[in-house]
Colleague: 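Structure provided below as structure tokens; questions to follow.
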Amino acid sequence: MVVTQMPKLAVVYLSTQGNTKIMADAIADGAKSRNVDVEIKSFYDWKPEDVAAADAIAIGSSTFHYTILPPLEKFVDNVVKVGIKGKVGAAFGSYGWSGEAPHLIADKMRKGGIDVLDPVLRVQYKPDDKDIKECNRLGKDIAEKIKNK
Ligand SMILES: Cc1cc2nc3c(=O)[nH]c(=O)nc-3n(C[C@H](O)[C@H](O)[C@H](O)COP(=O)(O)O)c2cc1C
């Protein structure tokens, strides 16, 4: 018997007040609607090697003091170190006024050889219905990309 496994998306987020988590949930919902296996957790609850084992990796963070919080930065570096070459990636996050974190995450992922999809999604403060639809769309795009690999 041949058992075919569904491709897997790992969604990782850092969210202090829930704004980036709303985006993460909407990306996960979009991908689930296209029949991929999705696991979504705060970065505190992920092991870098489990993230790196997925077919696609979406990492989101809000911006603090014009950058990524150091624990998440270290986590992303560790995921890249395990090896993510040739996988599908996405970066996202809520922000207030400058919003550097999602682009910094995307840069780190790209340096690790992962194909980061456009757009790097940024939402100011709490996502509205239109933002949530964009996150759903990104989740669907990730799913289509890993299903066609
Ligand atoms: C102490 C502090 C520092 C912040 N620094 C920045 C910043 O440098 N640039 C920016 O765009 N937003 C900044 N923000 C705003 C947050 O990124 C924003 O509130 C975001 O929606 C939080 O999302 P979260 O609930 O997912 O953590 C800061 C917020 C706080 C509380």
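Just follow the structure's listing: the first ligand is 1, and inside any ligand the first atom is 1.
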Colleague: Do Ser61 side-chain atoms and Gly93 backbone N/O form a donor-acceptor pair below 3.5 Å?
Modeller: no
Colleague: In the hydrophobic cluster built from side-chain contacts under 4.5 Å, what are the other members alongside Met23?
Modeller: Leu9, Val11, Tyr13, Ile27, Val36, Val38, Ile40, Val88, Phe92, Leu117, Leu121, Val123, Leu138, Ile142, Ile146
Colleague: Do other residues, nucleotides or ligands put more than 12 heavy atoms under 6.0 Å from the NZ atom of Lys108?
Modeller: yes
Colleague: Just to be sure I understand the cut-off, which residues have at least one non-hydrogen atom under 4.0 angstrom from an atom of ligand 1?
Modeller: Ser15, Thr16, Gln17, Gly18, Asn19, Thr20, Ser62, Thr63, Phe64, His65, Tyr66, Ser94, Tyr95, Gly96, Trp97, Ser98, Gly99, Tyr125
Colleague: Taking Arg122 for its side chain and Gly99 for its backbone only, find out whether a donor-acceptor pair lies under 3.5 Å.
Modeller: yes
Colleague: Can you check whether Tyr44's main-chain N or O pairs, donor with acceptor, with Ser42's side chain at less than 3.5 Å?
Modeller: yes
Colleague: Is a donor on one side and an acceptor on the other found under 3.5 Å between the side chain of Ser94 and the backbone of Asn19?
Modeller: no
